[in-house]
Amino acid sequence: MESLLGQLKRYRTGLVVGGLIGLMSGGPMGLLLGGAVGFLIQRGLSRKLKDYNPQQLFFRATFCVMGKLAKADGRVSEQEIAFAREVMTRMGLGEVRRREAIDCFTEGKAEGFEVATVLRPLSIVLRNRSAVKLMFVEIQLQAAMADGEISAAEQAVLQQVFTQLQFTPREVELLMSRMRAEQSFREHSWQGHAHPGADSASLLSDAYGVLGVSPEASDAEVKKAWRKLMSQHHPDKLMAKGVPEDMVQLAKEKTQEIQAAYDRIKAARNMR
C-alpha cells in the first residue's frame with residue numbers, strides 16, 4: 001500500500017490549493033483544514049476516475065473473471081493457476097502490477113463473487129468497442145480451456161460474460177469454433193517443431209479454423225477473413241480503444257498466430 005508521504009506527493013495539487021484557500025479565509029488553522037480537505041477531495045476524485053478508466057476496468061475484469069472461471073468447478077486446478085501466471089509473465093507485469101492482478105484473481109474466486117460487478121461497468125465503456133470486447137472474451141475462453149475442456153460450470157460463467165458484453169448466439173458459436181481451432185493449431189505447431197512434417201494435414205485444417213473459414217473458401221474469402229482478424233487484433237488500435245498497455249503483448253502474439261495460420265494456407269494454395 002502506498003505510504004502517506006507518497007499519497008501527499010501524489011495529491012499535492014489538492015493539498016496546496018486547499019491550503020491556500022483555507023489560509024485566505026481562516027489563517028493558519030484554515031491552512032491546515034483547507035489542505036486536508038483539498039487532499040481528500042483530489043484523492044477521492046482520482047479513485048473514482050480510476051474506477052471508470054477503460055484500461056483499469058479491462059485489467060481488473062480480466063483477472064477477476066479469470067479467477068471466477070478457475071473456481072467455477074469448486075477447486076482451482078494447477079493448469080488454471082499456471083495459465084494465470086503465464087498471462088502475467090507474457091504481459092511483463094512488474095511487481096506492483098502483478099500483485100494487483102493476483103488480488104483481482106483472488107477476488108474473482110472468492111465465495112459469492114458476481115462477475116456482473118466488473119462486467120457491468122466494462123460493458124458500458126466498451127459499448128462501441130467491439131474489437132476490445134472480442135479480445136476480452138478470447139482471453140477468458142483461453143482461461144476456460146486451460147485444463148483441457150470447458151465444464152458446465154465454466155460455461156455458465158462464460159454465458160454471463162457473453163450476455164453482459166452483448167454477444168449474439170451466432171457470434172459465440174463462431175468464436176468458440178475459432179478458439180478451439182487456435183488451441184489445436186498451437187498444439188500441432190509445437191508437435192511440428194519437434195517432429196517436422198508430422199500431421200501437416202491437421203495443421204492445415206486448424207489454420208482454416210483459426211481464420212474462421214472452410215477449406216472450400218476461395219482465395220479472396222481467405223484473404224478477407226485474414227485482413228479482418230488482423231485489423232481486429234491490431235495492437236495499436238486495441239490500445240487506443242481501451243486495452244491496457246501492459247496487455248498489448250497478448251494482442252501481438254495473437255496477430256502472430258493469425259499470420260502463421262494464413263501463411264500455412266497460402267503455402268498450401270500457392271497464393272500470392
Under-4.0 Å salt bridge between K68 and E114
no
Between V248 and L238, is any pair of side-chain heavy atoms under 4.5 Å apart?
no
How close do A207 and A261 get, counting heavy atoms only, and between which atoms?
CB-O, 3.6 Å
Spell out, yes or no, whether V172 and L158 are grouped together once hydrophobic residues are joined by side-chain heavy atoms under 4.5 Å, including indirect joins.
yes
If you compare all heavy atoms of S214 against all heavy atoms of Y208, which two are closest, and at what distance to 0.1 Å?
O-CD2, 3.7 Å
Counting C-beta onward and ignoring hydrogens, is there a side-chain heavy-atom pair between F63 and D103 closer than 4.5 Å?
no
Is it the case that one hydrophobic cluster holds both F58 and M88, taking links as side-chain heavy atoms less than 4.5 Å apart, direct or via other members?
yes
Measure the shortest side-chain to side-chain distance between Q160 and T163 over non-hydrogen atoms and say whether it is less than 4.5 angstrom.
no
If the threshold is 4.0 Å, N to carboxylate O, is there a salt bridge linking K71 and E80?
no
Can you find a pair of side-chain heavy atoms, one from L93 and one from R99, that are under 4.5 Å apart?
no
State, yes or no, whether a side-chain contact exists between V157 and Q140 at a heavy-atom distance under 4.5 Å.
no
Could you give me the CA-CA distance, side-chain angles and deciding distance for L175 and M179, then say whether side chain to side chain contact (heavy atoms under 4.5 Å, CB included) is met?
CA-CA 6 Å; L175 181 56; M179 292 299 295; 4.0 Å; yes
If you round to the nearest 0.5 Å, how far is CD of Q183 from CD of Q142?
8.5 Å
Under 6.0 Å from the six-membered ring centre of F105 and within 45° of its axis: does the NZ or CZ of R85 meet both?
no
Which label fits Y262 and W226: parallel for a plane angle under 30°, tilted from 30 to 60°, or perpendicular past 60°?
parallel
Report the C-alpha separation of V243 and Q55 in whole Å, then their side-chain angles, then the decisive distance to 0.1 Å, and conclude whether the side chain to side chain contact (heavy atoms under 4.5 Å, CB included) test is met.
CA-CA 5 Å; V243 172; Q55 288 83 6; over 6 Å; no
Working for side chain to side chain contact (heavy atoms under 4.5 Å, CB included), residues F185 and R180
CA-CA 9 Å; F185 183 75; R180 290 192 177 98; over 6 Å; no
Within the structure provided, determine whether K223 and R227 are in side-chain contact (heavy-atom separation under 4.5 Å).
yes
What do you reckon, is CD of Q259 surrounded by more than 12 foreign heavy atoms closer than 6.0 Å?
yes
Min side-chain heavy-atom separation M91-V87 under 4.5 Å
yes
Worked check of side chain to side chain contact (heavy atoms under 4.5 Å, CB included) between Q164 and L122:
CA-CA 9 Å; Q164 288 286 341; L122 184 67; over 6 Å; no
Is V161 reachable from F113 through a run of I, L, V, M, F, W or Y residues, each pair having side-chain heavy atoms under 4.5 Å apart?
yes
Measuring from atom NZ of K241 to atom CG of N128, what distance do you get when rounded to the nearest 0.5 angstrom?
10.0 Å
Does the K109 side chain pair with the main chain of A70, one donor and one acceptor, at a distance under 3.5 Å?
no
Is there a continuous path of hydrophobic side-chain contacts, each under 4.5 Å between heavy atoms, that joins L174 to I265?
no
Look only at the side chain of S123 and the backbone of L119, and say whether a donor-acceptor pair between them is shorter than 3.5 Å.
yes
For V210 and L229, the nearest pair of non-hydrogen atoms, with its separation, is O-CD1, 3.5 Å
Nearest heavy-atom pair of K133 and L165: which atoms, and what distance?
NZ-O, 3.0 Å
With R178 as partner, the option from E257, E138, E171, E173 fulfilling salt bridge (charged side-chain N to carboxylate O under 4.0 Å, His left out) is E138
Have a look at K254 and tell me which of Q249, H233, E182 forms a side-chain hydrogen bond (donor to acceptor under 3.5 Å, both in side chains) with it.
E182
Can you tell me how far apart OG (S130) and CD (Q232) are? Round to the nearest 0.5 Å.
6.5 Å
For residues R269 and A217, report the shortest heavy-atom separation together with the two atoms involved.
NH2-O, 2.6 Å
Would you say CZ of R120 has more than 12 non-hydrogen atoms from neighbouring residues, nucleotides or ligands within 6.0 angstrom?
no
Spatial distance of atom CD1 (I139) from atom CG (L69) [nearest 0.5 Å]
12.0 Å
One thing to verify: whether E100 and R97 come together as a salt bridge, which I'm taking to mean a side-chain N less than 4.0 angstrom from a carboxylate O.
yes
Looking at A153 and A72, what are the two nearest heavy atoms and their distance?
CB-O, 3.4 Å
Do I124 and V115 share a hydrophobic cluster, counting only Ile, Leu, Val, Met, Phe, Trp and Tyr and linking them when any side-chain heavy atoms are less than 4.5 Å apart?
no
Using 0.5 Å steps for rounding, measure from the CE atom of M230 to the CG atom of L211.
10.0 Å
Find the distance between CE (M145) and CD (E154) and round it off to the nearest 0.5 Å.
10.0 Å
If you define the side chain from C-beta out and look only at heavy atoms, does anything of T255 sit under 4.5 Å from H234?
no
